Amino acid sequence: MTDDGGFRDKLVAVKQAWARAGRLLTGTPDEEHAHRLPPGQHLVTNWPVLDLGIQPDVPRADWRLTVDGAVVNPITWDWDALMAQPPFEDVSDIHCVTQWSRYDNSWQGVSTQHLLSVVQPLPNAAHVVLHGYDGYTTNVRLDHFADGDCLLAHSHDGAPIGREHGGPVRAIIPRYYLWKSAKWLKRIEILPADKPGFWETRGYHNEGDPWTEQRYG
Ligand SMILES: Nc1nc2c(c(=O)[nH]1)N[C@H]1C(S)=C(S)[C@@H](COP(=O)(O)O)O[C@H]1N2
Ligand SMILES: [Mo]
């Protein structure tokens with residue numbers, strides 16, 4: 001009996017140690033995800049590729065970005081002009097409407113706030129359309145495009161963004177589903193009125209907030 005009692009004591013001690021270490025507490029990761037993983041999403045550690053079946057091959061030397069429309073100073077940047085801008089870096093989570101999320105993506109590039117300070121939107125500017133080299137378009141409100149975590153990204157985790165993920169330069173707009181983050185960025189149109197893009201005119205939600213599951217419709 002004393003042996004059994006000693007065994008039980010040991011078992012209890014081990015379980016208490018586990019509890020202190022947070023092991024076997026199934027609630028812990030879920031609680032964490034409840035604050036970080038939007039509804040209906042699951043976490044991945046790979047990085048799926050989604051496109052329209054075309055992955056434009058745009059060498060850095062041929063890449064140009066035009067920003068025009070309702071702005072004081074329209075610009076066209078080549079690669080050297082982009083590199084001459086103040087560098088910006090931000091870490092954010094990706095949420096794709098196809099229900100995968102990917103945490104802690106570190107992006108390097110030029111902030112949209114800096115870009116907007118260069119082109120200077122006119123007082124009536126309120127919307128943005130992003131255009132890709134593949135003909136893709138997507139729309140976003142100007143004030144959300146100007147959020148402090150948005151950028152024109154040329155690198156991910158310190159390495160150039162590969163062609164399949166939208167290199168040489170893609171937009172990153174963390175607050176929305178990833179379809180708003182145009183790849184192979186070619187043109188940024190600043191507009192007074194909203195102009196729904198490729199998926200927004202094909203059944204996707206006009207805004208795409210993952211936290212309220214603005215997926216379709
Ligand atoms: N130019 C362009 N940008 C695009 C797309 C596209 O087809 N063309 N697809 C969008 C969609 S629907 C998603 S989910 C993400 C996919 O980005 P990824 O391939 O890097 O995961 O890119 C978005 N940006
Ligand atoms: Mo998507």
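Small disclaimer: the values here were computed from a predicted structure and weren't measured. Because only heavy atoms are used, hydrogens play no part in the values below, and waters and symmetry mates are left out as well, while side chains stay in. Position 1 is the first residue of the sequence, and the numbers go up from there. Remember, it's 1-based here, ligands and their atoms both numbered in the order they're listed.
Within ligand 1, counting atoms from 1 as listed, the ones closer than 4.0 Å to a heavy atom of Trp47 are 18 (P), 20 (O), 21 (O). Taking every non-hydrogen atom of Pro48 and a distance limit under 4.0 Å, the qualifying atoms of ligand 1 come out as 18 (P), 19 (O), 21 (O). Close approach to Ala182 involves these atoms of ligand 1, each under 4.0 Å from a residue heavy atom: 3 (N), 24 (N).
Shown are Tyr177, Tyr216, Tyr204, Tyr176; of these, the ring pair (Phe, Tyr, Trp, His ring centres under 6.0 Å) with Trp199 is made only by Tyr204.
Looking at ligand 1, you'll find an N or O of Lys183 within less than 3.5 Å of one of its N or O atoms. Residue His165 has at least one nitrogen or oxygen atom sitting less than 3.5 Å from a nitrogen or oxygen atom of ligand 1, judged on distance alone. Looking at Cys96 next to ligand 1, no N or O pair under 3.5 Å apart turns up. Distances between N or O atoms of Leu50 and those of ligand 1 include at least one value under 3.5 Å. The distance criterion of under 3.5 Å between nitrogen or oxygen atoms is not met by Trp100 with respect to ligand 1.
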For this session: Go through the steps to decide whether His154 and Ile161 satisfy the test side-chain contact (heavy atoms from CB on, under 4.5 Å), and finish with yes or no.
Result: CA-CA 6 Å; His154 54 69; Ile161 296 174; 5.6 Å; no
For this session: Applying side-chain contact (heavy atoms from CB on, under 4.5 Å), run through Phe88 and Val110 and close with a yes or a no.
Result: CA-CA 5 Å; Phe88 177 77; Val110 172; 5.7 Å; no
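For atom 24 (N) of ligand 1, the closest heavy atom belonging to the protein is Ser181 O, 3.2 Å. When hydrogens are left out, the protein atom nearest atom 23 (C) of ligand 1 is Leu178 O, 3.5 Å; that is the closest non-hydrogen contact.
Only side-chain heavy atoms of Arg170 come within less than 4.0 Å of ligand 1; its backbone N, CA, C and O stay farther off. With a 4.0 Å cut-off on non-hydrogen atoms, Tyr136 touches ligand 1 through its side chain and not its backbone.
Between Gly166 and ligand 1 there is no heavy-atom distance shorter than 4.0 Å. Put simply, part of Trp199 is less than 4.0 Å from ligand 1, judged by heavy atoms.
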